[in-house]
Chemist: 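Below: one structure in structure tokens.
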Amino acid sequence: MNDVTEPDSATLAERAKLALGRRNLIFIGLMGAGKSAIGRLTAQALGIPFVDSDHEIERVSRMTVSELFAAYGEEEFRALEARVLKRLLRSGPRVVSTGGGAYINERSRRQIKKGGLTVWLNADLDVLWERVNKRDTRPLLKTENPKQTLENLMRARYPIYAEADLVVLSRDVKKETMVEEVLAAIADCKKAEMP
Ligand SMILES: Nc1ncnc2c1ncn2[C@@H]1O[C@H](COP(=O)(O)OP(=O)(O)O)[C@@H](O)[C@H]1O
Ligand SMILES: O=C(O)C1=C[C@@H](OP(=O)(O)O)[C@@H](O)[C@H](O)C1
Ligand SMILES: [Mg+2]
């Protein structure tokens, strides 16, 4: 008889959920990598709650990210982001999609590392640019040459994102394919859960 609770016959999502345990799954990566979209779908596949830190920041402040940057500047935004992340990561398991700069901030990075398993959605410049140039919701890209700005951010940030527990290449494939690759990375992850 096939026992569905056996690791071998369990679905990929079930195996990933088992491997994740009580930890959070935290998406990091540059703007346009798909943290918000793939995070949401991954949470659905795992059957656990999803939260996007930017949405939570907008909810508590009753302002958009752009408005927060314009009114208070990036430093204040980072402080608010760190406070929100600390609260979101307190209990798990849930999927938390962060904004692209969260993991770059030392305080937030410490909380993220402590808060669960991190997955970096790594993407090349053209993939990111294709996605972000369609919207003007990202204040850091309101520059004279936003594609160059994105490239500069890649250079500065990729060595830091590379500290993630898991890395999945974000590219022009179906979102479902991305989710499967994330689930497979979790299921294969050897990093033990902290007691
Ligand atoms: N694999 C994918 N294929 C096509 N479009 C994608 C894919 N992943 C994300 N997107 C789209 O790219 C845009 C940016 O994704 P988003 O999740 O907002 O990125 P992030 O939160 O990392 O900035 C969204 O419109 C999203 O639907
Ligand atoms: O890279 C960044 O510093 C930022 C990324 C944005 O989130 P997404 O990565 O979800 O676009 C948002 O938090 C803010 O505009 C700053
Ligand atoms: Mg996002």
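Both ligands and their constituent atoms are indexed starting at 1 by order of listing. Keep in mind that this is a model prediction, so the values were computed, not measured.
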Chemist: Look at atom 27 (O) of ligand 1 and say which protein heavy atom is nearest, naming residue and atom and giving the distance to 0.1 Å.
Modeler: Lys175 NZ, 2.8 Å

Chemist: Using a 4.0 Å cut-off to any heavy atom of Leu140, which atoms of ligand 2 qualify?
Modeler: 2 (C), 3 (O)

Chemist: Between Glu74 and ligand 2, does any nitrogen or oxygen pair lie at a separation below 3.5 Å?
Modeler: no

Chemist: May I ask which of Lys35, Arg138, Met31, Arg135 has a heavy atom nearer to atom 18 (O) of ligand 1 than the others do?
Modeler: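 Considering heavy atoms of Lys35, Arg138, Met31, Arg135, the nearest to atom 18 (O) of ligand 1 sits in Arg138.
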
Chemist: Looking only at non-hydrogen atoms, which of Leu30, Val65, Thr64 approaches atom 14 (C) of ligand 2 most closely?
Modeler: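 Nearest option to atom 14 (C) of ligand 2, by heavy atoms: Val65.
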
Chemist: Could you list which atoms of ligand 2 come closer than 4.0 Å to a heavy atom of Arg157?
Modeler: 1 (O), 2 (C), 3 (O)

Chemist: Using a 4.0 Å cut-off to any heavy atom of Arg138, which atoms of ligand 2 qualify?
Modeler: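 Result: 11 (O).
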
Chemist: Taking the Mg ion (ligand 3) as the center, what protein N, O or S atoms are found at less than 2.8 Å?
Modeler: Ser36 OG

Chemist: Among protein heavy atoms, which sits nearest to atom 17 (O) of ligand 1, and what does the distance come to when rounded to 0.1 Å?
Modeler: Ala37 N, 2.8 Å

Chemist: Is it the side chain, the backbone, both or neither of Arg78 that has a heavy atom closer than 4.0 Å to ligand 2?
Modeler: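 Side chain only; the backbone of Arg78 stays clear of ligand 2.
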
Chemist: Can you figure out which of Ser97, Gly32, Gly39 has its heavy atom closest to atom 14 (C) of ligand 1?
Modeler: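 Heavy atom nearest to atom 14 (C) of ligand 1 belongs to Gly32.
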
Chemist: Please indicate, with yes or no, if any protein heavy atom is found under 4.0 Å from atom 24 (C) of ligand 1?
Modeler: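 Flag for atom 24 (C) of ligand 1 set to false, no protein heavy atom closer than 4.0 Å.
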
Chemist: Heavy atom under 4.0 Å from ligand 2: found in Asp52's side chain, backbone, both, or neither?
Modeler: neither

Chemist: Which residue and atom name correspond to the protein heavy atom nearest atom 12 (O) of ligand 1, and how close is it?
Modeler: Arg131 CD, 3.1 Å

Chemist: On a heavy-atom basis, I'd like to know which of Leu121, Asp54, Leu150, Val132 is closest to atom 10 (O) of ligand 2.
Modeler: Asp54

Chemist: Give the residue, atom name and distance (to 0.1 Å) of the protein heavy atom nearest atom 19 (O) of ligand 1.
Modeler: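 Ranked first by proximity to atom 19 (O) of ligand 1 is Gly34 N, 3.1 Å.
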
